[in-house]
A.B. asks: 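Please read through the structure below; I'll follow up with questions.
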Amino acid sequence: MPDKAPENPERYDDDARLSDGTASAAAGVAEPRQVDGVTSGSRHAADESRSRDSEGGSHAAEKPRKNPVLVWVKEILTVVAIALVLSFLLKTFLFRAFYIPSESMESTLDVNDRIFINLLVPGPFDIERGDVVVFKDAQAWLPPVAKKPAGPMDWVGDGLEFVGLAPDDNEQHLVKRIIGLPGDRVSCCDAEGRLSINGVPVNETYINPAEVPSPMTFDVVVPEGKVWVMGDNRNHSEDSRAHQEVNGGFINIEDVEGKATVIAWPINRWTILDNYQDVFRDVPEGTSSK
């Protein structure tokens, strides 16, 4: 046995290695301890930084609260403004409302019915026989109407009418059904009391069934740019037949405001208006006439 245990060999800094062969930290210098992938010193600094950022962010996020009533009023006004603009555009380019003041179109249209007319007829779409149309009284068929004295609330009705939310109550418009187009020869009556178009008698199923129409003879050829119109309630309609001394009883197509498409009010009268194409199916085309 050896007299004493061998002494440990002297260690040098440059000989100190970790198990993986890398050099250890210098003696006397504490190596930072890693916690969850970061050193404890770095983690502390990061925590302090996040704390400061969180405090600053909370202050930055604070904004003055808006009055909910003002927000609600703003939204309502926006919706109303959009609705008025859309209604005005519809009234100007697509549809317009009218009310019916007389019985001349019964039973198709009753007194005080509210109707919508399609402003695209005529142009770009053509009018057809059987169409119910609203036209301006350019031929003075109606007696002049004295203007009503202005009332304090007239501006409300005028405004609603302007944007198309109220029907046009201008009594200087008329509503009738187109019977003859340019070039058509329209005459009345044959042995059965029917009118004929281009030599073909037609069975007018839209005529008011409550009364038998009184015969009123006529024989006309519709000029270019004009139409011949008649009411469905023949015994109570001052139409083309009754005004032949003015413009031959014809209506200028340029005076036609539009084609009536639907009864909108009252609700129990709601219906889409028919132009009765079956009535005119066998009518041949007329001869163009200047």
Side-chain angles (χ1 to χ4, degrees), residues 83 86-137 141-142 157 160-181 186 194-195 197 202-213 227-241 251 253 255-283:
L86 291 177
S87 180
F88 174 74
L89 293 175
L90 288 174
K91 175 244 182 180
T92 303
F93 300 106
L94 295 178
F95 295 99
R96 189 176 176 186
F98 283 88
Y99 90 102
I100 305 303
S102 73
E103 59 182 350
S104 69
M105 285 295 292
E106 289 181 348
S107 59
T108 302
L109 299 175
D110 287 346
V111 176
N112 293 326
D113 278 352
R114 266 61 173 173
I115 62 174
F116 281 108
I117 67 170
N118 181 358
L119 299 179
L120 300 180
V121 180
F125 300 105
D126 293 331
I127 54 178
E128 299 178 350
R129 299 185 194 95
D131 286 347
V132 175
V133 295
V134 171
F135 54 93
K136 293 180 289 188
D137 184 28
W141 286 9
L142 298 171
L160 293 175
E161 181 181 318
F162 177 75
V163 299
L165 294 178
D168 191 335
D169 61 355
N170 186 348
E171 296 182 6
Q172 301 310 107
H173 286 85
L174 298 101
V175 56
K176 305 292 181 188
R177 191 180 298 274
I178 291 180
I179 303 300
L181 295 174
V186 186
R194 298 174 299 179
L195 65 81
I197 304 174
V202 293
N203 295 309
E204 299 176 280
T205 55
Y206 44 77
I207 290 180
N208 183 9
E211 300 182 28
V212 177
V227 290
W228 180 270
V229 297
M230 300 174 70
D232 290 355
N233 195 9
R234 293 289 160 83
N235 295 339
H236 304 276
S237 177
E238 294 291 322
D239 47 41
S240 290
R241 300 169 300 169
I251 295 299
I253 293 179
D255 293 330
V256 176
E257 296 276 11
K259 172 186 174 182
T261 58
V262 65
I263 299 175
W265 188 264
I267 294 177
N268 63 342
R269 292 270 302 154
W270 190 92
T271 187
I272 296 175
L273 295 172
D274 193 356
N275 67 351
Y276 293 88
Q277 293 183 357
D278 290 344
V279 172
F280 305 96
R281 177 172 298 169
D282 297 329
V283 175

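In this chain, residues are counted from 1 in sequence order.
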A.B. asks: Any side-chain heavy atom of Trp228 sitting closer than 4.5 Å to one from Arg241?
C.D. replies: yes
A.B. asks: Is the shortest side-chain N to carboxylate O distance from Asp239 to Lys176 below 4.0 Å?
C.D. replies: no
A.B. asks: When rounded to the nearest 0.5 angstrom, what distance separates CD in Glu257 from CZ in Arg96?
C.D. replies: 5.0 Å
A.B. asks: Is there a donor-acceptor contact under 3.5 Å from the side chain of Asp131 to the main chain of Val133?
C.D. replies: no
A.B. asks: Looking only at heavy atoms, what is the nearest atom pair of Ile179 and Arg234, with distance?
C.D. replies: CD1-NH2, 3.9 Å
A.B. asks: Measure the shortest side-chain to side-chain distance between Asp232 and Ile207 over non-hydrogen atoms and say whether it is less than 4.5 angstrom.
C.D. replies: no
A.B. asks: Can you confirm whether Val134 sits close enough to Val175 that some side-chain heavy atom of one is under 4.5 Å from a side-chain heavy atom of the other?
C.D. replies: yes
A.B. asks: Check each of Ile117, Leu109, Val262 against Leu273 using the side-chain contact (heavy atoms from CB on, under 4.5 Å) test, and report the only one that passes.
C.D. replies: Leu109
A.B. asks: Tell me the closest heavy-atom pair linking Pro209 and Ser107, and the distance in Å.
C.D. replies: CD-OG, 3.9 Å
A.B. asks: Do Arg194 and Asn203 have side-chain heavy atoms sitting under 4.5 Å apart?
C.D. replies: yes
A.B. asks: In the structure I gave you, are the side-chain heavy atoms of Ile272 and Trp270 within less than 4.5 Å of one another anywhere?
C.D. replies: yes
A.B. asks: Mind checking the CE-CD1 spacing from Met230 to Ile178? Nearest 0.5 Å is all I need.
C.D. replies: 13.5 Å
A.B. asks: Could you go through the side-chain contact (heavy atoms from CB on, under 4.5 Å) check for Lys259 and Ile127 one step at a time?
C.D. replies: CA-CA 8 Å; Lys259 172 186 174 182; Ile127 54 178; 5.9 Å; no
A.B. asks: Taking all heavy atoms of Tyr206 and all of Thr108, pick out the closest pair and write down the distance.
C.D. replies: O-OG1, 3.9 Å
A.B. asks: Identify the two heavy atoms, one from Val212 and one from Asn235, that lie closest to each other, and give their separation to 0.1 Å.
C.D. replies: O-ND2, 3.0 Å
A.B. asks: Do the side-chain N and O atoms of His236 and Glu106 include a donor-acceptor pair separated by under 3.5 angstrom?
C.D. replies: no
A.B. asks: Could you check Val227 against Phe135 for side-chain contact (heavy atoms from CB on, under 4.5 Å), going step by step and ending with a plain yes or no?
C.D. replies: CA-CA 11 Å; Val227 290; Phe135 54 93; over 6 Å; no
A.B. asks: Closest approach of Glu103 and Asn233, non-hydrogen atoms and distance?
C.D. replies: O-ND2, 3.0 Å
A.B. asks: Would you call Met105 and Ile115 a side-chain contact if the rule is heavy atoms closer than 4.5 Å?
C.D. replies: no
A.B. asks: Could you give the distance from CD1 (Ile100) to CG (Leu174), rounded to the nearest 0.5 Å?
C.D. replies: 10.0 Å
A.B. asks: Nearest 0.5 angstrom please: Ile263 CD1 to Ile267 CD1, how far?
C.D. replies: 13.5 Å
A.B. asks: Does Ile251 reach the side chain of Trp141, with side-chain heavy atoms less than 4.5 Å apart?
C.D. replies: yes
A.B. asks: Is there a side-chain contact between Gln277 and Glu128, using heavy atoms and a 4.5 Å cut-off?
C.D. replies: yes
A.B. asks: Does the pair Glu204/Arg177 count as a salt bridge with the N-to-O cut at 4.0 Å?
C.D. replies: no
A.B. asks: Looking at Asn112, Asp110, Asp113, which one forms a side-chain contact (heavy atoms from CB on, under 4.5 Å) with Pro266?
C.D. replies: Asp113
